[in-house]
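All remarks here apply to the structure that follows.
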Amino acid sequence: MKLVATVFEVEPENIAAFRAAAFASAREMERSDPECRGVAIAEDPEAPGFFLTSTLYASDAAAEAHDTPARLAFDEAVRPFVKVRRVRLFDLG
């Protein structure tokens with residue numbers, strides 16, 4: 001299993017739009033990507049505009065794939081609102 005953790009920084013005026021796009025796209029990713037075991041989204045209450053998403057994948061290959069329809073749709077949905085994006089992969093064994 002592999003966890004993809006992504007920190008997003010969003011301008012204050014885009015927080016609501018980012019939140020809506022991220023949650024809708026995460027639900028679709030969980031539903032349509034057979035390798036996706038779940039998506040969690042957290043918002044930092046002390047730093048408006050900072051979000052953490054974590055996506056658990058069944059395999060290393062699935063976590064490292066950047067061109068799946070679900071991942072592309074998520075990226076496209078949130079792209080207009082993202083100021084900074086940092087991605088890290090973690091091996092969960």
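Only a predicted model underlies this, so the values are computations on that prediction, with no experimental measurement involved.
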*Separation between CZ of F51 and CZ of F23, rounded to the nearest 0.5 Å*: 8.0 Å

*Taking every non-hydrogen atom, the tightest pair across L72 and D67*: CD1-O, 3.5 Å

*Write down the atom of A73, the atom of S25, and the distance for their closest heavy-atom approach.*
O-OG, 4.2 Å

*Residues E64, K2: salt bridge by 4.0 Å N-O rule*: yes

*asked:* For a 4.5 angstrom cut-off between non-hydrogen side-chain atoms, does V87 reach V4?
replied: yes

*Provide the closest heavy-atom pair for A63 versus Y57 in the form atom of the first, atom of the second, distance.*
CA-CD1, 3.7 Å

*asked:* Measuring only between side-chain heavy atoms, which start at C-beta, is L52 closer than 4.5 Å to R86?
replied: no

*asked:* Looking at E30 and V39, would you say the former's side chain and the latter's main chain have a donor-acceptor pair under 3.5 Å?
replied: yes

*Would you mind telling me which of I41, V78, V7 makes a side-chain contact (heavy atoms from CB on, under 4.5 Å) with T53?*
I41

*Does a side-chain heavy-atom distance below 4.5 Å link E43 with I15?*
yes

*Find out if a path of hydrophobic residues (ILVMFWY) with successive side-chain heavy-atom gaps under 4.5 Å connects L89 to F74.*
yes

*Any link between M1 and F90 through a network of hydrophobic side chains (Ile, Leu, Val, Met, Phe, Trp, Tyr) touching at under 4.5 Å?*
yes

*Would D33 and T68 count as a side-chain contact (heavy atoms from CB on, under 4.5 Å) if you check the C-alpha gap in whole Å, the side-chain angles of each, and the deciding distance to 0.1 Å?*
CA-CA 8 Å; D33 187 342; T68 65; 4.2 Å; yes

*Working to the nearest 0.5 Å, report the span between CG of L92 and CG of L56.*
6.0 Å

*Quick one: are the ring centres of F50 and F8 less than 6.0 Å apart?*
no

*asked:* To check you understand the geometry: which heavy-atom pair defines the closest contact between A70 and S32, and what is its length?
replied: CB-OG, 3.8 Å

*Between C36 and M29, which heavy-atom pair has the shortest distance, and what is it?*
CB-O, 4.0 Å

